[in-house]
Number of protein chains: 2
Amino acid sequence: MDKIIPNYCMVSEPLEVLVGKWKPIILLNLLANSPMRFTEIKQAIPEITQKMLTKQLRELESHDIISRTVYPEVPPRVEYAITAHGQTLQPILDRMHQWGLAHIAHMEEKELKSDLE
Amino acid sequence: MDKIIPNYCMVSEPLEVLVGKWKPIILLNLLANSPMRFTEIKQAIPEITQKMLTKQLRELESHDIISRTVYPEVPPRVEYAITAHGQTLQPILDRMHQWGLAHIAHMEEKELKSDLE
DNA sequence: TCCAATAGTATCTTTTTGGATATTATAGCA
DNA sequence: TGCTATAATATCCAAAAAGATACTATTGGA
């Protein structure tokens with residue numbers, strides 16, 4: 001593949017979509033299990049506050065990564081699901097996960113070596 | 001590939017390495033052209049402040065993505081280069097760039113469609 | 001003696017993120 | 001009447017990231 005020219009680089013786009021303390025974990029939940037209700041996601045990620053969850057969901061929605069469906073019932077039901085466009089993130093997330101594992105191993109090995117000196 | 005289990009997910013690792021307003025652009029410069037002196041990088045990214053550049057470089061260095069070599073001269077000369085480990089980020093960055101392009105196209109198309117309604 | 005060049009620090013302020021807590025609308029039900 | 005459940009908002013506050021600006025050490029040369 002051609003080298004990415006620094007001045008015409010779209011790497012920042014996926015970063016914008018993925019950055020936020022909770023977005024990757026929300027996404028991975030929805031990729032593994034769509035649709036999910038608000039409360040289900042909240043239960044899957046107990047440490048997140050309601051405000052943060054709402055905010056992150058709205059941001060993901062604005063990038064067309066997830067969809068939001070409101071059922072006009074009482075009490076309200078709202079379901080979130082990964083969109084077709086959101087699914088295209090899967091290979092990137094997989095690669096990132098792989099690299100993450102390799103990175104951890106690399107840093108541990110380095111640590112070990114520097115301890116021996 | 002197996003699905004990433006949300007609770008054992010290393011996606012946050014590359015994000016930690018890449019996040020920072022200037023890191024991707026610094027990295028892409030060094031991937032395209034290593035080594036570079038501090039001032040060269042500064043010139044390639046004129047909007048960055050000296051403080052920010054130093055900080056981001058130190059962070060990348062701490063993850064063993066780039067190396068820093070000081071030449072004991074006056075005036076000082078410091079060269080930054082991508083490491084072998086840093087090179088392993090290239091395929092991820094390429095994919096992210098590709099996805100970024102597709103994402104922009106997707107959002108534009110969506111915009112267009114919603115304008116017609 | 002004083003200046004230029006390089007790669008930084010130090011300090012302070014602003015902006016962006018994240019978080020804690022309280023409040024809301026609604027219909028059915030005891 | 002007052003309570004429950006759901007998916008939110010509204011306020012206020014704290015912490016982290018980013019940015020502006022000024023300062024520093026060094027030494028060869030004018």
Side-chain angles (χ1 to χ4, degrees), chain A residues 6 9 11-30 33-63 65-82, chain B residues 11-30 33-63 65-82:
Chain A
C9 144
V11 161
S12 57
E13 293 291 323
L15 284 176
E16 219 169 276
V17 169
L18 291 175
V19 167
K21 189 163 170 188
W22 305 101
K23 275 183 206 149
I25 184 83
I26 291 173
L27 261 178
L28 289 167
N29 272 280
L30 285 174
N33 177 31
S34 265
M36 284 175 92
R37 296 184 58 171
F38 186 87
T39 319
E40 283 182 278
I41 305 176
K42 178 87 183 60
Q43 277 159 5
I45 315 170
E47 321 81 41
I48 198 173
T49 65
Q50 227 157 345
K51 174 190 154 183
M52 272 300 114
L53 182 51
T54 304
K55 205 183 145 211
Q56 309 284 293
L57 289 170
R58 290 293 139 78
E59 287 176 20
L60 289 168
E61 193 195 354
S62 79
H63 292 295
I65 305 301
I66 65 173
S67 66
R68 176 173 183 271
T69 313
V70 181
Y71 295 88
E73 305 170 358
V74 166
R77 181 158 61 103
V78 181
E79 283 186 352
Y80 294 91
I82 201 88
Chain B
V11 161
S12 57
E13 293 291 324
L15 284 176
E16 218 169 279
V17 169
L18 291 175
V19 167
K21 190 163 171 189
W22 305 100
K23 276 184 207 151
I25 184 82
I26 291 173
L27 260 178
L28 288 166
N29 272 281
L30 285 175
N33 177 31
S34 265
M36 285 176 89
R37 297 185 57 172
F38 185 88
T39 318
E40 282 182 278
I41 305 176
K42 178 87 184 62
Q43 278 160 3
I45 316 169
E47 321 82 40
I48 199 173
T49 64
Q50 228 157 343
K51 175 190 153 181
M52 271 301 114
L53 181 51
T54 305
K55 202 183 147 212
Q56 309 284 293
L57 288 170
R58 289 293 139 79
E59 286 175 22
L60 289 168
E61 193 195 353
S62 79
H63 293 294
I65 304 301
I66 65 173
S67 66
R68 176 173 182 270
T69 313
V70 182
Y71 294 88
E73 304 171 358
V74 167
R77 180 159 62 102
V78 180
E79 283 186 349
Y80 293 91
I82 201 85

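Excluded from the calculations below are hydrogen atoms, water molecules and symmetry mates; all remaining heavy atoms, backbone and side chain alike, are included. The sequence lines fix the lettering, A, B, ..., with proteins before strands; numbering per chain opens at 1.
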Provide the closest heavy-atom pair for [X] versus [Y] in the form atom of the first, atom of the second, distance.
X     : Y     : result
B:V78 : B:R68 : CG1-CG, 3.8 Å
B:Q56 : B:I26 : CB-CD1, 3.6 Å
B:E79 : B:Y71 : OE1-OH, 3.4 Å

Any side-chain heavy-atom pair of [X] and [Y] under 4.5 Å:
X     : Y     : value
A:I25 : B:V11 : no
B:I48 : B:I41 : no
B:Y80 : B:E40 : no
B:E13 : B:L15 : no

>> Counting the atoms with a prime plus P, OP1 and OP2 as sugar-phosphate, which does A:Y71 contact under 4.0 Å by heavy atoms, base, sugar-phosphate, or nothing?
In response: nothing
Can you tell me the distance, in whole Å, between the [atom1] atom of [X] and the [atom2] atom of [N]?
X     : N      : atom1 : atom2 : value
B:L15 : D:dA17 : CG    : P     : 14 Å
B:I45 : D:dA18 : CD1   : C1'   : 15 Å
A:F38 : D:dT9  : CZ    : C1'   : 11 Å
B:L57 : C:dT6  : CG    : C1'   : 14 Å
B:K23 : D:dA17 : NZ    : C1'   : 11 Å
B:Q43 : C:dT6  : CD    : C1'   : 11 Å
B:E40 : C:dA5  : CD    : C1'   : 15 Å

Think [X] has a side-chain N or O under 4.0 angstrom from the OP1 or OP2 of [N]?
X     : N     : result
A:R37 : D:dA7 : yes
A:R68 : D:dA7 : no
A:R77 : D:dA5 : no

> How does protein reach along nucleotides 13-30 of chain C, written 5' to 3' as B (base within reach of a heavy atom under 4.0 Å), S (only sugar-phosphate), or - (no contact)?
Replying inline: -----BBB-----BB---
